[in-house]
Amino acid sequence: QMQLVESGGGLVQAGDSLRLSCAASGRTFSRYFMGWFRQAPGKEREFVAAITGIGGSRYYADSVKGRFTISRDNVKNTLYLQMNNLKSGDTAVYYCAASSVETVGGPPPKYDYWGQGTQVTVSS
């Protein structure tokens with residue numbers, strides 16, 4: 001089992017920045033493709049960003065390209081999501097996830113482990 005614990009969420013104003021963190025334990029972190037997802041009230045969970053095990057490739061949803069940056073520190077076993085120029089539409093619970101599926105050219109279709117989520121609220 002891999003445990004994932006998100007942190008860094010909060011209430012901010014439109015245009016502000018936040019950095020989310022996801023601390024991983026229980027498995028060899030660098031062997032996992034990692035992703036961020038979010039779920040807004042009344043909506044389905046959606047993909048935000050993903051990064052390969054060694055960080056060589058990153059993928060983003062169109063809605064966050066140019067504003068969000070995914071990164072990882074395989075020494076600290078931590079995944080990050082730097083969110084800049086936040087908008088009210090970014091309000092959601094943000095989840096990190098780990099996938100053992102290796103893909104080329106895009107994020108994995110399924111994830112094995114999920115965190116409990118952290119709330120991000122952006123006021124306009």
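- Here disulfide bond (SG atoms under 2.5 Å apart) pairs that include residues 16-106, with residues two or more places apart or in two chains, are Cys22-Cys96.
- Closest heavy-atom contact between Met2 and Ala98: SD-CB, 3.4 Å.
- In this view, Lys43 and Ala40 satisfy the side-chain contact (heavy atoms from CB on, under 4.5 Å) rule, not counting sequence neighbours.
- At distances below 3.5 Å, at least one donor-acceptor pair connects side-chain atoms of Glu6 with backbone N or O atoms of Gln116.
- Rounded to the nearest 0.5 Å, atoms OG (Ser30) and CD1 (Ile54) are 9.0 Å apart.
- When side chains are defined from C-beta on, Ser99 does not count as touching Met34, because their heavy atoms never get closer than 4.5 Å.
- Every pair tested for ring-ring contact (aromatic ring centres under 6.0 Å, His included) that includes a residue from residues 52-109 fails, sequence neighbours excluded, so the list is empty.
- Of all the heavy atoms in Leu4 and Ala24, the pair that sits closest is CD2-CB, 3.6 Å.
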Exercise for the section: Could you walk me through whether Arg45 and Val93 pass the side-chain contact (heavy atoms from CB on, under 4.5 Å) test, one step at a time? Expected result: CA-CA 9 Å; Arg45 185 170 59 196; Val93 177; over 6 Å; no

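- Every residue two or more places apart in sequence or in another chain that forms a side-chain contact (heavy atoms from CB on, under 4.5 Å) with Ser7 is listed here: Ser21.
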Would you be so kind as to tabulate the donor-acceptor pairs closer than 3.5 Å made by side chains of residues 100-108, with sequence neighbours excluded?
{"from": "Ser100", "atom 1": "OG", "to": "Asp112", "atom 2": "OD2", "distance (Å)": "2.9"}
{"from": "Thr103", "atom 1": "OG1", "to": "Gly106", "atom 2": "O", "distance (Å)": "2.5"}

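- Sorted by first and then second residue, the disulfide bond (SG atoms under 2.5 Å apart) pairs involving residues 27-60 (not counting sequence neighbours) form an empty list.
- Among pairs with a residue in residues 20-34, none fulfils salt bridge (charged side-chain N to carboxylate O under 4.0 Å, His left out), at least two apart in sequence or across chains.
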Handout entry: side-chain contact (heavy atoms from CB on, under 4.5 Å) between Glu46 and Arg38, intermediate numbers included
Key = CA-CA 5 Å; Glu46 64 175 359; Arg38 66 187 182 185; 2.6 Å; yes

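- Every residue was checked against the side chain to side chain donor-acceptor pair (under 3.5 Å) condition with Ser71, not counting sequence neighbours, and none meets it.
- Here the CG-CG distance, from Leu18 to Leu81, works out to 9.5 Å after rounding to the nearest 0.5 Å.
- Screening residues 11-38 for ring-ring contact (aromatic ring centres under 6.0 Å, His included) gives Phe37-Phe47, Phe37-Tyr111, Phe37-Trp114 as the qualifying pairs, with residues at least two apart or on separate chains.
- Residues Thr121 and Val12 are not in side-chain contact: their nearest non-hydrogen atoms beyond the backbone lie 4.5 Å or more apart.
- Note that the OG atom of Ser17 and the CG atom of Leu86 stand 6.5 Å from one another [nearest 0.5 Å].
- Under the salt bridge (Lys or Arg N to Asp or Glu O under 4.0 Å) criterion, Arg67 pairs with Asp90, sequence neighbours left out.
- A disulfide bond (SG atoms under 2.5 Å apart) check over residues 52-94, counting only residues at least two apart or in different chains, returns nothing.
- Applying the salt bridge (charged side-chain N to carboxylate O under 4.0 Å, His left out) definition to pairs two or more places apart or across chains, none involves residues 12-23.
- Looking only at distances, no side-chain donor or acceptor of Asn74 sits under 3.5 Å from a matching main-chain atom of Asn77.
- With contacts defined as side-chain heavy-atom distances shorter than 4.5 Å, the pair Val120/Met83 qualifies.
- Tested against Arg72, the residues Thr78, Thr52, Ile51 include a single side chain to side chain contact (heavy atoms under 4.5 Å, CB included) partner, Ile51.
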